[in-house]
Amino acid sequence: MSDFPRWKYALVALVMLFGVIYALPNAFPPVPAVQVTANRDAPPINTAFQQKVEAGLRAKKVAVNEVFVEGDHLLVTFANSDVQKTGSDEIKALVGDGYTVAFKLQSNVPHWLGVIGARSMPLGLDLQGGVHFLMQVDQKDVIEKQENSYADDVRSLLRQKNIRYESVTRSAVDGQGISVILRSAEDRKTASDAIANEYTDLNVSDGASTGDRFMLKVTVKPEKLRELARGAITQNLGTLRNRINALGVSEPLIQQQGDSRIVVELAGVQDPTEAKKLIGAVATLQYRPGIGQPGDARAVEAARTGNIPPDANLYYMRGDNRPVLVSKQIIVTGNQLIDASSGIDQNSGTPKVDVTLNAAGARKMGDFTNANVGKPMAVVYVEQVYETKVVDGKEVRVPKITETVINDATIQGAFSKQFQTSGLGSPKEASDLALLLKGGALAAPMDIVEEGVIGASLGQDNIDKGFKAVLLGLALVLLAAAIYYKLFGLVADIALFFNLVILVAVMSLIGVTLTMPGVAGIVLTLGMAIDANVLICERVREELRNGSSPHASIRAGYEKAWSTILDANVTHLIAALALTTMGTGAIKGFGVTLLIGILTSLFTSVTLTHAFTAAIHGHRKLKTLSV
Amino acid sequence: MEIFNHDSDIHFLGMRKYTVAIAIFLMVASIGLIAFKGLNYGLDFTGGVSMVVDYGQSVEIADVRGALEKGGIHNAMVQSLGGTREVSIRLQPKDDPGAVDAAGKFNLDKIAADVLKVLHVSRPDAKLKSRDYVSAQVGQELRSDGTVAAVFVILGIMAYLWIRFERRFAIAAVATEVHDTLVTLGILALVQREFDMTVLASVLAVIGYSINDKVVVFDRIRELFRLARKAEPEEILNRSINNTLSRTIITSLFTGITMGALYFFGGTAVHGFAVTMLIGIVVGTLSSIFVASPILLWLGVSKKDLMPVTKENPELARRP
């Protein structure tokens with residue numbers, strides 16, 4: 001008689017099937033590929049383009065596997081990463097600047113698996129090579145900037161309310177806020193109320209007063225400071241994402257780590273200089289008076305002849321490259337911009353961008369727009385990248401400045417602190433502009449605190465070794481268990497094998513990045529998962545020795561071992577949990593693997609083996625057990 | 001097949017004075033080693049620059065060191081990464097003055113290029129496989145994070161055992177746990193194995209492994225106490241250890257086998273992990289047998305403490 005319910009058999013079968021299907025994608029290793037994407041101004045990628053690339057590579061005798069168009073990009077796959085490197089160089093030379101050429105690992109997983117959401121585990125940098133950076137965001141700088149801006153605002157407010165003040169200064173010591181010196185106690189009271197009413201993010205308190213100097217201490221509220229810090233990280237993340245997209249890495253990982261760090265991982269990249277250049281780039285915005293419309297006769301003429309009016313600069317529009325003349329006078333710079341957000345204009349129904357300036361910027365903007373309604377105003381985007389050049393045998397850092405006009409619009413009426421740019425082509429264009437306005441610059445400077453380059457060959461080496469270690473570890477334990485516990489050992493072996501399969505399936509489904517410590521975690525899980533079976537087998541043996549019948553021994557063995565297995569695994573789980581809470585990547589990967597492994601092993605070593613044992617022994621009369 | 005006599009009746013607790021004395025000695029020695037000799041912290045903790053260089057033909061560590069010295073790069077640490085062709089070179093940015101600019105910032109690529117240039121003078125077959133930089137600050141944080149994680153693990157386990165078993169079990173487990181962690185660290189300090197992030201992960205995993213072992217014995221102790229009519233603690237503890245002895249050793253062997261496979265085939269990236277785990281398995285297994293139960297005995301465990309709490313039913317009590 002079997003005491004193992006039917007539904008449990010069904011469950012076990014279902015889980016085994018799930019494991020096999022969702023672990024399957026990992027059996028199809030991705031192939032090295034190169035992805036070519038057209039930049040905004042370049043002609044789109046089509047069959048003709050594909051043929052051109054194909055012919056070009058053939059002429060250079062680069063062995064390719066496949067060349068095909070997928071969506072808006074072209075993919076070229078190669079046999080190995082060495083050919084991929086040469087191929088990429090050739091393609092770059094072939095297609096020119098209008099296209100972004102990036103390394104990619106092209107998935108080889110059959111289509112039907114992708115449909116049901118099965119995918120292979122992403123590989124960590126240590127398994128596929130690449131560069132990684134860990135950057136520290138300088139939060140002090142953000143606070144300093146914001147306090148300076150508040151000091152500006154407070155000055156304007158006091159002037160506006162006709163409160164006489166001696167000085168408004170930001171304290172040189174960090175965290176001390178702004179000190180406002182007033183002439184009388186009454187003034188101080190009015191000023192305090194006015195500031196508190198107008199700026200709810202500020203704390204106002206009376207400071208020490210000497211003679212006719214009455215001090216008011218203004219500090220930014222801690223909530224606001226936290227919000228600022230969060231905002232700075234988000235903005236830096238956004239900016240980095242934009243810049244790294246320009247680099248053309250197919251799947252960059254750009255993530256916040258902890259409170260003030262950003263981790264960047266670029267798989268497949270072997271030379272970090274280009275990436276570092278972009279990360280270190282300084283970008284600013286300038287609002288400047290426009291001269292004429294983009295692409296109008298004067299601008300085209302100036303671009304053709306090189307005769308540029310002395311008070312103007314000739315720039316090109318971002319995207320369509322139309323020439324445009326812009327005055328040299330700067331109205332407002334990006335430093336004075338507080339916020340930019342995109343939306344839909346209620347009146348015209350067209351996409352728009354709302355911009356907010358600080359007090360100083362608002363004043364200048366107000367003065368300018370008052371006098372220039374109906375005239376164009378351009379937004380110039382200035383990006384500064386430092387390049388290292390060798391001059392006279394010495395390395396010199398040379399700034400390379402790129403200036404483009406990202407927007408040129410007509411001033412519809414006077415405005416100052418808040419205004420909007422409407423009539424943009426599409427919501428995408430609006431959000432791009434908002435992002436550029438706000439995110440073009442980094443909110444706070446960043447320092448690289450960790451950097452690493454892992455060679456591609458080292459990655460492949462690690463994969464091979466890791467694979468070998470897992471298989472060998474598994475094989476040895478399987479063998480040992482089969483010898484020591486015979487039939488029960490074989491059942492445990494099936495369970496252990498499926499534990500590996502289900503563990504891989506769950507990791508793939510969740511999308512846990514596989515790293516070398518993760519591989520170590522898998523091997524350790526295999527070693528420890530057998531423990532539950534050892535406990536069960538030893539129990540069954542004990543029961544048999546005590547004279548129980550085989551069936552009773554199996555039942556008692558599973559029952560009595562269960563409480564031990566549970567206690568042992570829960571304590572182990574606590575340890576694994578602590579590992580996952582550690583912020584750093586390597587340990588986290590290990591901890592997550594261990595955590596999932598403990599859970600899957602609980603199922604496989606107890607429920608799965610019980611099902612098999614019941615199926616084998618359940619309906620027979622037994623004299624002995626092979627254990 | 002059976003390796004262990006299932007009727008084994010070794011009087012483990014009879015040796016408790018000696019075994020615990022040895023355990024205490026090992027702990028003190030480990031603390032001494034960690035304090036005075038110190039752990040050989042890896043790049044993850046100290047900060048600095050690390051490079052892995054691969055040679056076409058085998059190379060002597062001393063030659064690499066010599067080449068670096070001759071090229072003006074002093075104080076570099078050169079270690080073999082198993083085999084004779086792969087070496088790791090570790091240095092602080094300040095060891096290569098050419099790569100640090102006036103602002104104190106430095107260029108990892110420059111250092112890597114400098115080192116490679118120096119190595120190429122005598123051995124053109126040197127190839128750079130990877131290079132890393134970690135700032136000292138990040139390393140510092142990692143060290144404190146690791147300590148916090150270890151304390152968290154130990155306290156979490158203690159709380160669970162307190163609830164599931166009883167106070168004395170929790171204390172005995174944690175005391176043994178601290179012993180295992182310290183002795184593992186002590187051995188790492190003694191042999192001066194590089195202590196990097198994966199080794200830290202391994203040490204934390206050792207905590208998880210060894211508690212597993214103790215819990216199995218404790219579970220048996222609880223069971224035997226509940227079953228026994230006349231519970232003489234020393235005898236029950238001894239019987240529990242003997243009953244679970246086969247399982248304790250077999251599991252250790254199985255886990256040891258997998259870690260051996262990892263050590264021999266997993267490559268240099270996981271060497272430290274596997275070695276630490278192997279040390280931890282040995283220490284943990286021995287302490288499960290020789291240390292945990294004597295502590296439990298001294299704490300005065302008894303049958304009364306382990307009987308399942310039955311709800312008093314007033315209705316039943318009133319009946320005649």
Side-chain angles (χ1 to χ4, degrees), chain A residues 126 134 272-273 448-455 457-458 461-462 465-466 468-469 472-474 476-477 480-481 483-484 486 516-517 519-520 523-524 526-528 530-531 534-535 538 541-542 545 560 563-564 567-568 570-572 574-579 581-584 586-587 590-591 594, chain B residues 1 3 6 52 108-109 112 128-135 137-138 142 145-146 149-150 152-153 156-157 160-161 164 197-198 200-202 204-205 207-209 211-212 215-216 218-220 223 243-244 246-247 250-251 253-259 261-262 265-267 269-270 273-274 277:
Chain A
D126 53 351
L134 183 65
T273 30
I448 294 178
V449 289
E450 209 180 281
E451 179 184 343
V453 184
I454 298 142
S457 64
L458 189 63
D461 211 33
N462 276 339
K465 283 181 178 155
K468 218 194 260 172
L472 250 141
L474 181 70
L476 286 171
V477 174
I483 293 174
Y484 199 71
K486 298 178 209 115
M516 255 341 242
V519 172
V523 178
L524 182 62
L526 291 180
M528 294 191 65
I530 198 80
D531 178 49
V534 173
L535 280 166
E538 292 286 333
R541 281 181 175 184
E542 230 173 279
R545 277 199 296 268
K560 288 188 177 165
S563 113
T564 313
D567 282 335
V570 171
T571 43
H572 199 199
I574 295 172
L577 211 62
L579 283 165
T581 53
M582 296 260 311
T584 31
I587 295 194
F590 170 73
L594 208 56
Chain B
M1 188 174 121
I3 300 177
H6 55 81
V52 174
L108 176 63
D109 308 321
L128 193 64
K129 276 182 101 173
S130 74
R131 52 186 188 273
D132 282 289
Y133 159 67
V134 177
S135 86
Q137 188 207 354
V138 174
L142 191 65
D145 277 4
F152 178 79
V153 171
I157 288 169
Y160 179 79
L161 292 183
R164 274 284 289 182
M197 199 130 76
T198 51
L200 172 64
S202 189
L204 293 172
I207 301 182
Y209 176 84
I211 196 69
N212 213 16
V215 166
V216 172
F218 286 180
D219 223 72
R220 185 57 70 103
E223 189 188 322
N243 278 349
T244 51
S246 160
R247 174 266 157 198
I250 290 296
T251 295
L253 279 181
F254 281 5
T255 316
I257 289 173
T258 56
M259 286 301 112
L262 193 65
F265 301 100
V270 288
F273 180 93
M277 205 63 218

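Note that the structure is predicted; figures quoted are calculated from it, not measured. Proteins come first, then strands; the chains are lettered A, B, ... in the order of their sequence lines, and each starts at number 1.
In this structure, chain B has heavy atoms under 4.5 Å from both the backbone and the side chain of A:Ala481. Residue contact with chain A, scored on non-hydrogen atoms closer than 4.5 Å, involves the backbone and the side chain of B:Leu262 alike. When heavy atoms are compared at a cutoff of 4.5 Å, A:Asp461 approaches chain B solely by way of its side chain, counted from C-beta outward. The parts of B:Val134 that come within reach of chain A are both its backbone and its side chain, each placing non-hydrogen atoms under 4.5 angstrom from that chain. Using a 4.5 Å cut-off between heavy atoms, B:Asp219 touches chain A through its side chain atoms alone. Contacts between A:Ile530 and chain B at a heavy-atom distance below 4.5 Å involve the side chain alone, from C-beta outward. Of the two parts of B:Arg164, only the side chain, counted from C-beta on, holds a non-hydrogen atom closer than 4.5 Å to a non-hydrogen atom of chain A. Using a 4.5 Å cut-off between heavy atoms, B:Phe218 does not touch chain A at all. At a 4.5 Å heavy-atom cutoff, the contact between B:Phe254 and chain A is made by backbone and side-chain atoms alike.
For A:Asp531, the side-chain hydrogen bond (donor to acceptor under 3.5 Å, both in side chains) criterion is met by B:Arg247, B:Thr251, not counting sequence neighbours.
Across B:Tyr209 and A:Met528, no two heavy atoms sit closer than the pair CD1-CE, 3.4 Å. What you find for A:Pro517 and B:Thr198 is that their closest heavy atoms are CG-CG2, 3.7 Å. Considering all non-hydrogen atoms of both residues, A:Ala568 and B:Val215 come closest at N-CG1, 3.6 Å.
In terms of heavy-atom pairs under 4.5 Å with chain B, the best-connected choice from A:Leu535, A:Leu476, A:Ile454, A:Leu526 is A:Leu535. Each of A:Gly452, A:Gly466, A:Ala576 has some count of heavy-atom pairs under 4.5 Å with chain B, and the biggest count is that of A:Gly452. For the set B:Gly266, B:Ser202, B:Ala274, the count of heavy-atom pairs under 4.5 angstrom toward chain A peaks at B:Gly266. Of the listed residues B:Ser246, B:Gly156, B:Ala112, B:Ala205, the one with more heavy-atom pairs under 4.5 angstrom with chain A than any other is B:Ser246. Options A:Gly455, A:Ala520, A:Ala575 differ in how many heavy-atom pairs under 4.5 Å they form with chain B, and the most are formed by A:Ala520.
Side-chain atoms of B:Val270 and A:Val519, non-hydrogen and from C-beta on, never get closer than 4.5 Å to each other.
B:Arg220 and A:Glu542 are joined by a salt bridge, as a carboxylate oxygen and a charged side-chain nitrogen come within less than 4.0 angstrom of each other.
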Check your understanding: Do B:Phe273 and A:Leu524 pass the side-chain contact (heavy atoms from CB on, under 4.5 Å) test, and can you show the C-alpha distance, the side-chain angles, and the key distance before you say yes or no?
Key -> CA-CA 10 Å; B:Phe273 180 93; A:Leu524 182 62; 4.2 Å; yes
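In this structure, CZ in B:Phe265 is found 12.0 Å from NZ in A:Lys465, a value given to the nearest 0.5 Å. Note: B:Ile207 CD1 to A:Ile574 CD1 = 12.0 Å, rounded to the nearest 0.5 Å. The structure places CG of A:Leu474 at 11.5 Å from CD1 of B:Ile257, a figure rounded to the nearest 0.5 Å.
Screening B:Thr258, B:Thr255, B:Leu253 for a side chain to side chain contact (heavy atoms under 4.5 Å, CB included) involving A:Val477 leaves a single residue, B:Thr258.
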